[in-house]
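For this chain, numbers begin at 1 and follow the sequence in order. Whatever order the structure lists them in is the order used to number ligands and atoms, beginning at 1.
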Amino acid sequence: MRHFLWLVDFTKEEIKEIISLAIQIKKETKAGIFKPYLKHNQLAMIFEKSSTRTRVSFEVGINQLGGNGLFLSSRDIQLGRGEPLKDTARVISRMVDLIMIRTFGQERLEEFAKYSKVPVINGLTDLCHPVQLLADLLTMIEFDKFDFENPSKTTAAYIGDGNNMAHSWLILASKLGFNINIATPKGYEIDEKIKEIALNEAKNSGAIIEFTNDPKTAIKDVDVVVTDTWVSMGQEDEKEKRLKDFQGYEINNELMSLAKKDAIFMHCLPAYRGYEVSEDVFEKYENVIFTEAENRLHAQKGLMVWLKK
Ligand code: CP
Ligand code: NVA
């Protein structure tokens with residue numbers, strides 16, 4: 001049995017297998033073919049934080065695969081009233097076939113997985129958001145920005161907070177061998193442990209990784225530009241300070257003009273215009289961004305089928 005806790009646990013080959021399944025199932029879905037790959041499978045979805053995309057994509061995804069999804073908000077289940085995580089894991093995993101959990105610390109996810117009898121999927125933690133990166137990878141492939149056979153042809157720039165999305169992009173690049181420039185303001189750099197893991201992975205994959213505090217340097221001549229909110233869930237109290245500290249990090253036309261002419265802009269959403277991205281850049285790339293959002297559905301269907309095969 002495998003869990004999907006972070007991309008570090010997966011090889012390039014395994015990531016490719018998941019994406020291939022996603023591509024195949026997306027094609028079938030678009031042709032109106034709904035094969036019951038996970039007939040009668042129950043997916044429990046535990047949310048300790050808000051969600052639009054993750055909730056809808058997992059619930060629709062499992063239904064389209066012939067199974068059923070249970071939305072469990074921590075506000076409604078006993079977990080929110082102090083029932084231990086390990087008891088919740090032992091109870092739920094005796095009744096369902098797959099569990100997705102969105103929580104705070106990665107250690108909560110790891111503890112849950114330790115006590116679960118069935119595969120556990122990370123639906124976002126403070127440390128990383130790996131299901132988002134499966135969708136992002138699928139989107140890069142569809143927009144001709146990534147090829148498993150030629151990963152070094154791609155250079156991405158992540159510009160913004162050194163958060164769960166930054167960590168996930170860095171891990172993916174270092175695993176697959178595409179290049180990535182990461183620009184964060186001083187004091188918002190990425191986690192040192194993640195950095196070390198990525199630099200190690202890059203020795204095998206050949207990915208070139210650059211860290212800087214200058215967005216202009218990071219974005220120069222890249223193929224893919226990525227950002228994320230400056231204020232993640234749980235950081236609401238720091239909003240005022242963060243908005244000041246991130247000045248100069250907005251992805252606007254001026255900054256985008258430094259990337260390659262045919263570069264794409266990606267965002268996991270929700271997006272805050274006038275902060276991490278300007279309205280015009282957002283709307284210019286809306287087809288990429290909403291394909292990326294839709295691909296959450298397809299990528300996660302590939303993942304769920306892969307985990308249960
Ligand atoms: N991108 C993403 O995970 O969105 P939600 O928070 O709406 O699930
Ligand atoms: N970094 C954001 C991602 C939201 C999908 C957060 O954790 O809130």
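The proximity of Leu269 to ligand 2, defined as any non-hydrogen pair under 4.0 Å, is limited to the backbone. Within the 4.0 Å heavy-atom criterion, the part of Asn164 lying near ligand 2 is the side chain and not the backbone.
Ligand 1 does not have Lys49 within reach: every non-hydrogen atom of the residue lies 4.0 Å or more from it. In this structure, Leu124 falls outside the shell of residues with a heavy atom less than 4.0 angstrom from ligand 1.
Between Pro270 and ligand 1, no pair of N/O atoms sits closer than 3.5 Å. Remark: ligand 2 and Met233 share an N or O pair separated by less than 3.5 Å (distance only, no angle test). The N/O atoms of Thr229, backbone and side chain alike, include none that comes under 3.5 Å of an N/O atom in ligand 2. Considering backbone and side-chain N/O of Arg55, none are found under 3.5 Å from N/O of ligand 1.
Under the 4.5 Å side-chain criterion, counting only non-hydrogen atoms from C-beta, Thr52 is not in contact with Pro270. Contact annotation: the side chain of Phe4 approaches that of Pro130 to within less than 4.5 Å [non-hydrogen atoms, C-beta and beyond].
A donor atom on one side chain and an acceptor atom on the other are found under 3.5 Å apart for Asn68 and Gln42. Counted by atom type alone, Glu189 and Asn213 present one or more donor-acceptor pairs between their side chains at under 3.5 Å. Side-chain N/O atoms of Gln300 and Ser57 include a donor and acceptor closer than 3.5 Å.
Lys260 pairs in a side chain to side chain donor-acceptor pair (under 3.5 Å) with only one of the listed residues (Asp221, Asp223, Thr155), which is Asp223.
For the residues Ser232, Cys268, Gly123, the heavy atom positioned nearest atom 1 (N) of ligand 1 is part of Cys268. By heavy-atom distance, the residue among Gly123, Ser232, Ala166 lying nearest atom 2 (C) of ligand 2 is Ser232. Taking each of Asp228, Thr52, Leu127 in turn, the one with a heavy atom nearest to atom 1 (N) of ligand 2 proves to be Asp228. The closest heavy-atom contact to atom 6 (O) of ligand 1, among the options Glu292, Met233, Arg102, comes from Arg102.
Of all the atoms in ligand 1, the ones that sit under 4.0 Å from a non-hydrogen atom of Gln132 are 1 (N), 2 (C), 3 (O). Distances below 4.0 Å separate heavy atoms of Leu269 from the following atoms of ligand 1: 1 (N), 2 (C), 4 (O). Ligand 2 places these atoms under 4.0 Å from at least one heavy atom of Asn163: 1 (N).
Aromatic ring pairs are classed by plane angle as parallel below 30°, tilted from 30° to 60° and perpendicular above 60°; the pair Phe178 and Phe146 is perpendicular. Between Phe47 and Phe71, the ring planes are tilted. Angles from 30° to 60° get that label.
Considering only non-hydrogen protein atoms, atom 4 (O) of ligand 1 sits nearest to Arg53 NE, 2.8 Å. Counting protein heavy atoms only, atom 2 (C) of ligand 1 is closest to Arg296 NH1, 3.3 Å. Counting only heavy atoms of the protein, atom 3 (O) of ligand 1 lies nearest to His129 NE2, 2.8 Å. Among all protein heavy atoms, the one lying closest to atom 7 (O) of ligand 1 is Thr52 N, 2.7 Å. Nearest protein neighbour of atom 4 (C) of ligand 2, counting heavy atoms only, is Leu124 CD1, 3.9 Å.
Hydrophobic clustering (side-chain heavy atoms under 4.5 Å, transitive across Ile, Leu, Val, Met, Phe, Trp, Tyr) keeps Leu297 apart from Ile121.
Ring centroids of Tyr158 and Trp169 are separated by 6.0 Å or more, keeping the two rings apart.
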Handout entry: Step-by-step salt bridge (charged side-chain N to carboxylate O under 4.0 Å, His left out) determination, Glu142 to Lys26
Key = CA-CA 12 Å; Glu142 289 178 344; Lys26 179 171 182 179; 2.8 Å; yes
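Listed for the Lys301 side chain is no donor-acceptor partner under 3.5 Å among the backbone atoms of Ala22.
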